[in-house]
Amino acid sequence: MTGEAHDLETIQERVETLIATVIDASTSRRLDINLLKTLSEAVHQASSNGANSNWLRTIQQRLAPILDQGRYLREADNLRLDPVGRRRAVRISEPVLIVTFEDGHQCQTKDWSPYGVLINGWHDAPEAGTPVVLTITSPNVEGGGPVVGQVVWHSPGTNETAIEFDRPSLTVQTLKVRLLRNGLLAPSVHRL
């Protein structure tokens with residue numbers, strides 16, 4: 001076996017190990033963007049070192065559903081709250097949306113986007129990182145529905161809570177479109 005073939009074999013074994021790690025992380029909801037970057041770099045390295053097209057095609061097919069998750073992770077990572085709580089997404093403050101929690105408690109949004117909400121009035125907000133299920137509706141248009149996310153921060157002083165969604169919310173996006181169609185959302189703040 002030549003040195004190059006041995007290197008390629010080692011790289012391919014590393015790819016297989018990383019795939020197993022990524023699948024495990026994905027099923028236990030611990031998948032992070034850095035792990036996907038490492039895997040992507042290893043596949044690229046195998047390709048650059050002469051991996052055959054059948055092996056690469058098989059790897060791509062195995063990774064397709066995981067890469068979809070990675071796309072959502074990248075979007076969420078790009079829009080994650082920074083340390084002082086400023087979301088990087090375009091936020092809409094008017095009109096407000098209604099957020100209802102599983103226990104029936106309701107709050108209004110201070111601002112919102114398809115990636116998360118900032119609400120006021122959740123006195124018993126859990127600590128950052130706590131997963132939450134909420135229903136988001138609008139008093140101005142029909143529709144709405146459940147959204148899954150996590151608490152990112154809570155300020156007892158202002159009683160504001162930031163919640164980031166697990167992925168961009170189709171529920172919120174649909175409400176946004178309906179508000180725009182009904183003339184309740186200025187086109188200048190509407191960015192799909």
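Atom-to-atom distance recorded for N140:CG and I98:CD1 is 9.0 Å, nearest 0.5 angstrom. Expressed to the nearest 0.5 Å, how far OG of S169 lies from CH2 of W112 amounts to 10.0 Å. Separation of atoms CD (Q45) and CG (L8) is listed at 9.5 Å; rounding is to 0.5 Å. Atoms CD and CG, from E16 and L39 in turn, are 10.0 Å apart once rounded to the nearest 0.5 Å. Rounded to the nearest 0.5 angstrom, I163 CD1 and H154 NE2 are separated by 10.5 Å. Atom CG in L175 sits 11.0 Å away from atom CD in E142 (nearest 0.5 Å).
Within the 3.5 Å criterion, the main-chain N or O of L170 finds a donor-acceptor partner in the side chain of T174. Panel note: side chain T17, backbone E13; a donor-acceptor pair is recorded below 3.5 Å. One N or O on the side chain of N52 and one on the backbone of N54 form a donor-acceptor pair closer than 3.5 Å.
Residues V133 and V148 share a closest heavy-atom pair of CG2-CG2, 4.3 Å. Closest non-hydrogen pair, R178 versus G143, comes out as NH1-CA, 3.2 Å.
Hydrophobic clustering keeps V96 apart from F165 (ILVMFWY residues linked when any side-chain heavy atoms are closer than 4.5 Å, directly or through intermediates).
E160 and S155 are not linked by any side-chain donor-acceptor pair at a separation below 3.5 angstrom, with hydrogens and angles left out of the test.
Between F101 and D124 the shortest side-chain heavy-atom distance does not fall below 4.5 Å.
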